[in-house]
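Counting starts at 1 for both ligands and their atoms, following the listed order.
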Amino acid sequence: MSDSGDLRVPHVALLPSAGMGHLTPFLRLAALLASHDVCVTFIAPNPTVSLAESQSLSNFLMAFPQITRKQLHLLPLDESCANSEDPFYYHFELIRRSSHLLSPLLSSLSPPLSAMITDMSFTSTVLPITDSLGLPNYIFFTSSAKMLTLYVSFHTMLGPNHTIKDDLQVPGLGPIPKSRMPPPLLQESNNLLKTFFIENGKKMTESSGILVNTYESIESETLAALNEGRVLRKLPSVISIGPLAPCFFETSQQLQWLNDQATGSVLYVSFGSRTAMSREQIRELGDGLVRSGCRFLWAVKDKKVDIEDDEKLTEVLGEELLERVKKNGLAVKNWLNQEEILSHPAIGGFLSHCGWNSLSEALWNGVRVLAWPQHGDQKVNADLVERIGLGTWDKSWGWGDRETVVKAEDIAQTVSEIMGNDLLKLQALHIRDEARRAVGDDGSSTKSLAALIDTWKKFQ
Ligand code: UDP
Ligand code: UDP
């Protein structure tokens, strides 16, 4: 791979967005780059929204002392955004409005930077800064390539009253129906998510490249459409570098209950780091899990932000349900290291909201998925679960409990079907092998990353 002109050690700065769904893939990418002898500076917006983010970051930096941390101290925001519908989107905006602080930070780094890797949510605010410094800036898109087609196209689909009329159609690809798009994008009024899609999506064309945590065998057609100009004519290279392998830097959790369960017998139930259901839906879910007769490990989340999630399990589930749960499952309210759970031999299925990192961890570990998308990109991702044969998706369940409360009987039946589906179990194992091949020695993602690092080595 190397030639005589590439002796320079590249120095790359990474800037993640708010929430574990953005931080985790950035940390994995940082570790991967460090393992390829790239000098990495990690720019951490401070403060974070959740405790999970600050703990994960500090554990990571302890485990990788060769990675330099710089803090981006966020400015307080005016009232106009303070009432945002989502504390994580509010934080995206906070980081966007603090972006000007990056210029002195980036130019003070030594050795000088070869490139910057920026979360997609800051494309429109950070690109002008890196441009003025003459610094190549790569956008890291932390969802699927299919979702990227919507991200870069959305601004071209807007009608006169700022709404969209049609599904997204890309020649040669299955459509993204309006009903699968994040609901705030379909509103007439402006909201933070819509603004991010419009402003960042437009500006992506000016970046040096777009990195995606996906790989050829699951999204080959989508990647080809993006790179052949079928989605947007002037898009820079879209580079698949995934699935980013988990890196173990947290101390191992001791879940004796899981160790005591039979191989492949347990359904893991989690809706990610920032999705809370209504109490009513939580209780129907608990009832359904019990009625399914399957073993289950359930991460119960009652509030979006972990530091506010302080009610005890007995209050959230009620004593009677909690007692029933204990007969064939384990419910927890504390943070579990999900990657460690999914790699445990007792886990045989995953009831997931289809956050992209959760899916990438499921396919990495060859675990069947029962998709229950709740918001954002999750229906687009759930479609991929079905398409590649990783799992099933009951579309009548809708967008979580905002549309309808799914009843315990339905949940029980669907859970027992997936846990009894041996074909899916085999398919998931096959997907795991392909995922690992993509990042193995001669894998497609490994080659793309090596080529990218070579480009940085030559940047003067
Ligand atoms: N996660 C975890 N423990 C939890 C909940 C989430 O370790 O109890 C991790 C999960 O493994 C994933 C990330 O947090 O890496 C969540 O990202 P994802 O894209 O799946 O969903 P989001 O939380 O952004 O909705
Ligand atoms: N594919 C893609 N994006 C899509 C649909 C398909 O990248 O929206 C790719 C993916 O790599 C898949 C291949 O195209 O393996 C064929 O997809 P199809 O849905 O036809 O499924 P298959 O033939 O694998 O059953």
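- Using a cut-off of 4.0 Å between Lys/Arg side-chain N and Asp/Glu carboxylate O, D287 and K407 are scored as not salt-bridged.
- A distance of 6.0 Å or more separates the ring centres of Y268 and H344.
- Among F122, Y151, F154, the one residue that satisfies the side chain to side chain contact (heavy atoms under 4.5 Å, CB included) test with N200 is Y151.
- Listed by chain and number, the residues in a side chain to side chain contact (heavy atoms under 4.5 Å, CB included) with A412 are R291, S292 (sequence neighbours excluded).
- Between the CD atom of Q338 and the CD atom of E361 there is a distance of 5.0 Å, given to the nearest 0.5 Å.
- Closer than 4.0 angstrom to ligand 1 by heavy atom are M20, G21, T24, G272, S273, R274, W335, L336, N337, Q338, H353, G355, W356, N357, S358, E361, sorted by chain and number.
- Side chains of S50 and R274: no donor on one and acceptor on the other come within 3.5 Å.
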